[in-house]
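Lettering of chains follows the sequences in order, A, B, ..., and the numbering in each one begins at 1. Since the structure is predicted, the reported quantities are computational estimates derived from the model, not experimental observations.
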2 protein chains.
Amino acid sequence: MTSDDFVPAPLRRLWGMSEPARLGRPASLDVNVVVAAAVKIADRDGLDGVTLPKVAKSLGFTSMSLYRHVGSKDELLTLMADAALGPPPDIAAPDWREGLRRWAFAQRAVFQRRPWLTRVPAAGPPSGPHQIAWMEAALAVMSGTLLDWAHRIGAMSLISGYVVQSVRQYSELAEGRADGQGQADAERDYGRALARLVNPDRFPEAARLFSSTLFEAPPSDTPDEAIADADFSLGLELILDGIAVRIARSDP
Amino acid sequence: MTSDDFVPAPLRRLWGMSEPARLGRPASLDVNVVVAAAVKIADRDGLDGVTLPKVAKSLGFTSMSLYRHVGSKDELLTLMADAALGPPPDIAAPDWREGLRRWAFAQRAVFQRRPWLTRVPAAGPPSGPHQIAWMEAALAVMSGTLLDWAHRIGAMSLISGYVVQSVRQYSELAEGRADGQGQADAERDYGRALARLVNPDRFPEAARLFSSTLFEAPPSDTPDEAIADADFSLGLELILDGIAVRIARSDP
DNA sequence: AGCATTAGTGTACGTCTGATACTTTCTCTC
DNA sequence: GAGAGAAAGTATCAGACGTACACTAATGCT
């Protein structure tokens, strides 16, 4: 409708540039209220629990009223994602490697707190103010290196993608268990079931894997969280090693 | 119900161990037919297009009839995922690095052909025969290295997660565009829009990025596919570098 | 004072998953 | 060779969801 500086409406909403509208009936609702209510529901019921009727009801309005403020459910999801991400913490570190490590762990902490964030479909490249702030943090960490822009973005996306992927996978598996079974127990059962199904002639390596002790009892006093942390770090350090190679290579 | 070897029903269906049932009315439908129909619909309409009524209708049955064969929609998705993945191609290669690279590209090709595969929620660890076959292929490639099991699985998951993540991201963005706009054009618009929104005081690095020429015209004769391939390779080679470091380290 | 403008509502439609209780069609046993 | 019993497929139904459309209600500008 309006065109303050040729910025489209969804972006204006993302960046909080909505003018309060000087004519007609004043709104008792605004984007931020709607988004906050939606986030609260997602925190409680997951992403599928977020429906327009439920969000509206939690605010004492009808479903259709929301469309005055968000345009579509997909847009609501985008707004929720940026709001729920929040600003990045301070990750000041002595070197790029420690900085990126902290960045990854900080992002992971946010996603673990709100696993539904990892399932919001990306409607476009990162565009929200919080997303940009996280981006800034990662770029700042790498600003001392000799990497070019493409590699900086590549490294950042790789890490960020890894974090998303690993948290989503972990939370999907945790949901799949659902009963009181812990990760360690589930892995043991998994290993045993597949040891019976996997034919050593067709799948020699996999058979060796499933008859190895890898899935059997971890010392049992190891909490699930520690296993998950170790798995996560293993992949992350691998990525950081790769980035290190690249940095060393661009420094003659 | 039955208990051939204490293998639960969903796994029996995955591995094609269904006994034809010797009593009662014989089935005119079976799991494979249902799954094949569902896959065909997913290929045409995406994952959200797969609904029990539609699958049933395409076979000339009613929705409820499917429950005789699949148990739940989630189970159907799991079955679809393994069926659609298909067996891995031959990726024989002179060394682990080339082998993993081919493995990654092969997986990417499958996912690009069926982007909905990247959105099937993981109901459990990889358990289907095709998933195991792909696993076998990756493990075989690494069998010459000195990595321990944990690192082999870690490397494999990292690559596989990267492939999934990057194809999903790419296809989500492509859907988001929807109009005839290509990737290059969209990136240019994105860069310009954000150059206006990003305040250089709050986000100095990001501002430099968006005012850099990175998002501006790639030579314009570069097809979208080539951009995507280059982005994908950049991340993949980074990961492979990381694995190389790890392999070198375990070889004294 | 009253009109253009904006906020929020009511209703309706087509869609989905899955529960329950049924009819139909087959094989195995007597 | 005839039913008994078991499994396959159906009919109907309830509760939800997203959103299009046309409506009423409330306000500030002129």
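- Taking atom CG on A/Leu29 and atom C1' on C/dT9, their separation rounds to 13 Å, with Å as the unit.
- Using a 4.0 Å cut-off between charged side-chain N and carboxylate O, B/Lys54 and B/Asp45 make a salt bridge.
- For the pair B/Arg188 and B/Asp185, the salt-bridge criterion is met [side-chain N within less than 4.0 Å of a carboxylate O].
- B/Ser63 comes within 4.0 angstrom of no nucleic acid atom, judged by non-hydrogen atoms across all strands.
- Residues B/Phe232 and B/Tyr162 place their aromatic rings such that the two centres sit under 6.0 Å apart.
- In this structure, the CG atom of A/Asp48 is 13 Å from the P atom of C/dT17, given to the nearest Å.
- Atoms CG (A/Asp30) and P (C/dT6) sit 17 Å apart, rounded to a whole Å.
- For A/Phe203 and A/Phe210, the ring centers are positioned 6.0 Å apart or more.
- Rounded to an integer number of Å, the gap from CG of A/Leu66 to C1' of D/dA20 is 15 Å.
- The distance from atom OH of A/Tyr67 to atom P of D/dG18 is 7 Å, rounded to the nearest whole Å.
- Map A/Met64 and A/Pro53 each onto its nearest nucleotide of DNA chain D; the residue landing nearer the 5' end is A/Pro53.
- A/Arg119 and A/Glu175 are joined by a salt bridge, as a carboxylate oxygen and a charged side-chain nitrogen come within less than 4.0 angstrom of each other.
- The side chain of A/Thr62 contributes an N or O atom lying less than 4.0 Å from OP1 or OP2 of C/dT9.
- For the pair B/Leu52 CG and D/dT12 C1', the interatomic distance rounds to 17 Å; values are reported in whole Å.
- Rounded to whole angstrom, the span from the NZ atom of A/Lys73 across to the P atom of D/dA16 amounts to 15 Å.
- Sequence order on DNA chain C of the closest nucleotides to B/Arg68 and B/Thr51 puts B/Thr51 first from the 5' end.
- Rounded to an integer number of Å, the gap from B/Leu76 CG to C/dC16 P is 14 Å.
- Nearest nucleotide to the side chain of A/Phe61, out of D/dG9, C/dC16, C/dG8: C/dG8.
- Close to C/dA7, at under 4.0 Å from its OP1 or OP2, lies no side-chain N or O of A/His69.
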